[in-house]
Amino acid sequence: MASSSKANLAEQDEGEEAEEIEHFNDFTLASSWERFISEIEATCRQWLADGPKRLLEKGAVHLDSSDNIYKVKSELKNAAKIYSMEYYFEISGKIADWNCTLHDLQLCFGVKEFLVISPQSASGVVLDAPEATKLLSAVSIALANCSSLWPAFVPVHDPSRKAFIGIQNMGTIFTRRFEADRIGSQVPIKFMHLEGLYELFVSKFAYCMSDHSMHLFRVHLLMKLTYQTLSNDEDNYDDIQEADTENAESETSPGCGNPNRKHWDDDCPWNEWYSAEDPVMRFDLVVTWSEKVVESSLEMAEMENASPHEAEKWILAPNLYPNLDSSKGDRIGFASQLHLLVNALEMSFEAPFIEDFVSVENPGSDNLESTMVIPPPTVLDRVLKDLFLEDPQLPDFAKDEHKSSRAIKGAPVESLFAQFCLHSLWFGNCNIRAIAVLWIEFVQEIRWHWEESQPLPKIPANGSIDLATCLINQKLQMLAICIGKKRELNEEFEDCIGTKDDASANMEKMQEVNKVGDESSSFHARSQAFDEKRDSLLTPEGFNGSKTVESKFSANAQDVHSADKSTLDSIRRGSAGPVGSMKLLKLCQSLHAPFTQSAPLMTEDMHEERLRAIETFGFSFNFSAQLERETLSSDMSAFKAANPGAVFEDFIRWYSPRDWENDESEAKGPSTDLTEGMNVDWPPQGRLSRGMSESGNFWRKIWDEAPILPASEQKPLLDPNREGEKILHYLETMQPHQLLEQMVCSAFRASADTLNQTNYGSLKEMDTKMDQLYLTMASTLRPLQVNLLSNTSDTIEDLQRLCVVFEHVEKLLILAASLHRRFRQVPRISEAIFSNYYNFYLPTMGIGLADVDTQKEFDMKLQLSQNERQVVSNMFTPPTANQSWRKVLSMGNHLNGHEPILREIIFSMHDNASDNHYASSSHRDYQQDTETYRMYTCGTSNDLQVALSIISYD
C-alpha cells in the first residue's frame, strides 16, 4: 500500500511539472515586433542560402521591364497588418549601365540587388512616417543579423510621387541611407537648368550655402538626354492647324493654292487601294555624355549650351505601334479583304447563278439584305469608269513580276480582270451581293465594248493568249483579239464602199471632161489595177517576159476577154518566196512557201476539249485532219495559189516532211530546164509514207476539195463574231463558285504582286518571306485552279490560314518600307531594326494573330556611328510655328530646335575612407575612393524626380 501511494504521489508531481513546462513563456521573443524581425531574418537567410540559381528553380518571376532581373516574394505578418517583402536580383555578374533596361531603384540609387518591403494595401505605400521608419529599422536589424549587405527600401508618401526611403549596412562603421521623391508639377525654374541641379547636389554636403560659385567641389557627372521625334498624330494636328490657317488666307486671296499634305505612303504601291498606318510611331534618341568632373556651376551653364553632337554615344530606339503585332479587326489591308473574299467564295455555293444573289426572289435574299450592303450607284459608276478608262499606253504586264508569280494561275496585276478583283476587295466590303452586282455590270460593259467594236482596256491585242493565266483572263484576251478582227473587217468594208463611191465619182467627172474616150487607155488603166493585185507571173526561171507584158498592154479589152483562161490560172499569188532548192514534182519550178493564215487561237477549255476528243477517238491521220480541217484546208488553198500546178505530194514535202520518204537510189540524172545553160536535179525522187498513201486518206480528200485561193482572199479561220458571242455567253452564264474561284486566285496573286513592287532595300529576311509567301499561295490555291473545290472542302480552311500568313508578311513589308524610307542613306540602321523585330515577331508567325501575346513589347536600342548621326539628326525637323507655341523651350541642349523630353543626370562625390578596425576584413578595401554622395535626377520642365544616397558614420 505504502509503495503504491508513493507511486501515485510521484506521478502527480511529474504531471504538475509537465504542466508547468507546457505553459513556459520565453520572454526573449515576447514582443510581436521582435517576432516580426525574426521572421524577416529567417526569410532572408533562406534566400541567401538558396542563391539566384536555386531561386530560379523555385519559381522566381522574371520582370518584363528588364531582360536580367528576377524577383521572389514572401508575405510577413505583424499584428493586424500584412506586409510583402520582395527580393530583386540579377543572374549575370555584369554591372549594367544606365543605357540598359534597369529597375527604377537600380537607376535611382546605383544598387544591384535589393529588398522592397511594403504593406499589402490599396496604395502599396506606408503613409505614416513613424511606421515607415520602424519598418525600415526592422529590416535593417534582420539584414545585419544575417550579415547581408542588401539595401532595403520602403515606399512612402503618395504612390504618384514614387517616394522611397532606404538603408544599407556597408559592413563597416558606414551606413548608406537612401531617399527619393518627385515633384509632379510646377518645378522651380532654377531646377530646370543644370546650374540649379548642381547647386542642389552641392548643398547636401557644403557647409556654407552663401556662394557655391566661390568654392570648388570635384563633382563627377554623367548626363543622358532623350529626344523624341514627333508622332504621326502630332504631325496631323499641326497640319490641320496649318490647313485652317491657309484656308482662312485663301478666302481673302482666291488665287492662293492650298496643297494637301502627303501621307507617308503616298508613293507606295498599295496606296492605290488603301492607306496604311505608319507602323513606326516615333523614334527615341538617347544621347549620353561620358563622365566629367565639374568644379563650378559656371561649367554646368556651359554644358547646358553644348550641342548633342558632342556627346559620346547616340542610341536610337524605335517606338512601334502597340497593335502592330496583334489583330483586333481595326487594321485594313489586302489580307483583311482577302479573308472577306474567301468568305464570299464559301457562300457562292448557295446559288447556281450570279443573279440569284441580287434577285429579291432568292430564298436567302432576306439574310443577304440584312447582312450585306451594296454601295450606291455613284460608287459603282466610279469603279467601272476606273476599270474601263482607256489608257493610250498599255502597261508592262511582266514588270516587277516575282519569279514565282506565274506559278499562281491568276491574272497579271495590271490586267483588266486582276483590276476587277482588286476593286472587288474594297467594293461593298467584299460581300457576295456586292461582287454579284459588280460582275453583272462589268459583263454588261464588256458587251457594250463588243457591240460597239471598242477595244478592251488593260488587255493587249497582240494575237496571243497566255494559257498560264486564269480562264476568264484568257477569254478576255481572246475577246480583245476578236474585237480587233471585227474592227479590221468593218474598216475594210467601209474602205471598199468608199473606194467604189470615189471611183464612180471620178468616172463621171472624166466623162464630162472627155466625152470621147480612148478605149486603149481605158484598158491600160484596168490592166494596171489588175497587175497591182497579183503577186507575180508564173514564168520559167531566168526567162524574160517583157514581150508578153508588152503584148498584153498593147492589146485591147476584147482581146483580153478572149485570151486563154489558162493564162489567168497560171498566176502565182500569195507567195512568200522559194523554199531553198526544192522543185515541184510535175513542173521544173521552184517550190514556193505561201503566206498562210495563223492557226485559230484557243483558250484552255478549248484545248482540253480537243484533248478529250483525242483520248476518246484515239490519234490517227484522218482524225487529226478532221480536227484541223479548217486550218489544213486553208494552208492547202494557199499552197495551191502560190504553186500553180502543184500536186498533193508537193504539199506533203513542204508541210509534213516526215511523211515523205526520199528514194535517192532511183534518182535520175540531171535534166535540162527551159532556160539554157542550167542543169538541175529534177524530178525529185521519193514516195509518200504509208499513212499518207492509204486509200481514203482524209488529207488527200481535203486537198482535192481545197480551192486555189491565197490567204488574203480566204475566209478567216477565226470567226470573230461567233467566238466573241461564245465568250460573252460564257461570262454571262458562269456559276458563282467558278467566278469566285478564279477571283480568289487572281486577287491573291495581284495583291502579292502589288506588295512585291515595294522598295524596301536589301532586307534578306523580307526577300525570304516574300519567296515563301508565293510558294505557299501556289500550293494552297492549286485546288482552285483544277476545279476540285466544293462547299465542304477543307480548302476553305486552308485559304483562311493563307490569309493569316499573308497578313503577317504584309505587316512586315509595310514596316520594312517605312524603315527603308527613313534610312535610305544609312541602310545599316533599317537592316538592324528590321532584323531585330523580325526575330521578335517570328515566333508569332505560325499562329493566328488573335493568339499573339500583346503584353510583350518590342524593345531595341541601336548605337549609332558618327556617319549615321547626321541622318538621324535630320529626322528632327525644325518645329513649325504651331509647334513652337505649344512648347516652351527651357531646358537647353537643343537638337534642331527640339529640347529633350527627358534629362537624366547622376551627380556623385568621392572621398577616401581609411581602413579601420571596425571594418570587416571580408569586405571591400575602403582605401579606394568611396562614393559618399550620389544624386540622380530625372525629369523635364514639368516634373522632376530626385534620388539621393549618402554614406554616413554610425
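Computed from a predicted structure; not experimentally measured. When reading the values below, keep in mind they use all heavy atoms of this one structure, side chains included, and skip hydrogens, waters and symmetry mates.
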So, for [X] and [Y], which heavy atoms are closest and what is the spacing to 0.1 Å?
X: Cys745; Y: Ile408; result: O-CG2, 3.9 Å
X: Ser453; Y: Ile483; result: C-CG2, 3.9 Å
X: Leu479; Y: Gly724; result: CD1-CA, 3.8 Å
X: Ser751; Y: Leu425; result: OG-CD1, 3.9 Å
X: Leu718; Y: Cys482; result: CD2-SG, 4.5 Å
X: Pro736; Y: Ala351; result: CG-O, 3.4 Å

To the nearest 0.5 Å, what is the distance between [atom1] ([X]) and [atom2] ([Y])?
X: Thr603; Y: Ile472; atom1: OG1; atom2: CD1; answer: 12.0 Å
X: Arg782; Y: Met777; atom1: CZ; atom2: CE; answer: 12.5 Å
X: Asp719; Y: Leu489; atom1: CG; atom2: CG; answer: 9.0 Å
X: Leu799; Y: Leu345; atom1: CG; atom2: CG; answer: 6.5 Å
X: Leu438; Y: Phe420; atom1: CG; atom2: CZ; answer: 4.5 Å
X: Ser590; Y: Met582; atom1: OG; atom2: CE; answer: 10.5 Å

Can any side-chain N or O of [X] pair as donor or acceptor with the backbone N or O of [Y] at less than 3.5 Å?
X: Glu732; Y: Val443; result: no
X: Ser415; Y: Pro412; result: yes
X: Gln742; Y: Gly410; result: no
X: Asp659; Y: Gly691; result: no
X: Lys458; Y: Leu387; result: yes
X: Tyr774; Y: Lys403; result: no

Residues [X] and [Y] bridged, charged N to O under 4.0 Å:
X: Arg573; Y: Glu713; value: yes
X: Glu723; Y: Lys475; value: no
X: Lys586; Y: Asp650; value: no
X: Glu705; Y: Arg629; value: yes
X: Lys715; Y: Glu630; value: no
X: Arg653; Y: Glu649; value: no

Where do Phe388 and His449 land on the side-chain contact (heavy atoms from CB on, under 4.5 Å) test, with the steps shown first? CA-CA 10 Å; Phe388 291 93; His449 279 71; 3.6 Å; yes
Under 3.5 Å, is there a donor-acceptor pair between the Ser405 and Arg749 side chains?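 Short answer, yes.
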Could you check Leu688 against Glu661 for side-chain contact (heavy atoms from CB on, under 4.5 Å), going step by step and ending with a plain yes or no? CA-CA 6 Å; Leu688 293 174; Glu661 299 175 356; over 6 Å; no
Kindly indicate, with the supporting measurements, whether the criterion side-chain contact (heavy atoms from CB on, under 4.5 Å) is fulfilled by Met602 and Glu608. CA-CA 10 Å; Met602 291 188 294; Glu608 291 176 353; over 6 Å; no
Intermediate values then yes/no, side-chain contact (heavy atoms from CB on, under 4.5 Å), Met743 and Leu341: CA-CA 8 Å; Met743 284 184 62; Leu341 183 62; 4.2 Å; yes
Would a 4.5 Å heavy-atom cut-off, applied to side chains only, mark [X] and [Y] as touching?
X: Ile727; Y: Trp450; value: no
X: Ile652; Y: Trp699; value: yes
X: Asn473; Y: Ile459; value: no
X: Leu775; Y: Ser404; value: yes
X: Gln474; Y: Leu471; value: yes
X: Ser575; Y: Arg572; value: yes
X: Ser746; Y: Phe417; value: yes
X: Leu731; Y: Phe442; value: no

Parallel, tilted or perpendicular: rings of Phe651 and Trp703 (30°, 60°): tilted
Sequence-distant partners of Gln735, side-chain hydrogen bond (donor to acceptor under 3.5 Å, both in side chains), two or more places apart: His737
Can Arg700 and Asp704 be said to form a salt bridge (Lys or Arg N to Asp or Glu O under 4.0 Å), step by step? CA-CA 6 Å; Arg700 185 177 291 276; Asp704 295 338; 5.6 Å; no
Can you tell me which residue pairs pass the side chain to side chain donor-acceptor pair (under 3.5 Å) test with a partner in residues 634-644, sequence neighbours excluded? Gln597-Ser634, Ser634-Gln714, Asp635-Tyr655
Start with the C-alpha gap between Phe639 and His592, add the side-chain angles, then the distance that decides, and say whether ring pair (Phe, Tyr, Trp, His ring centres under 6.0 Å) holds. CA-CA 8 Å; Phe639 185 83; His592 283 244; 9.9 Å; no
What do you reckon, is NZ of Lys485 surrounded by more than 12 foreign heavy atoms closer than 6.0 Å? no
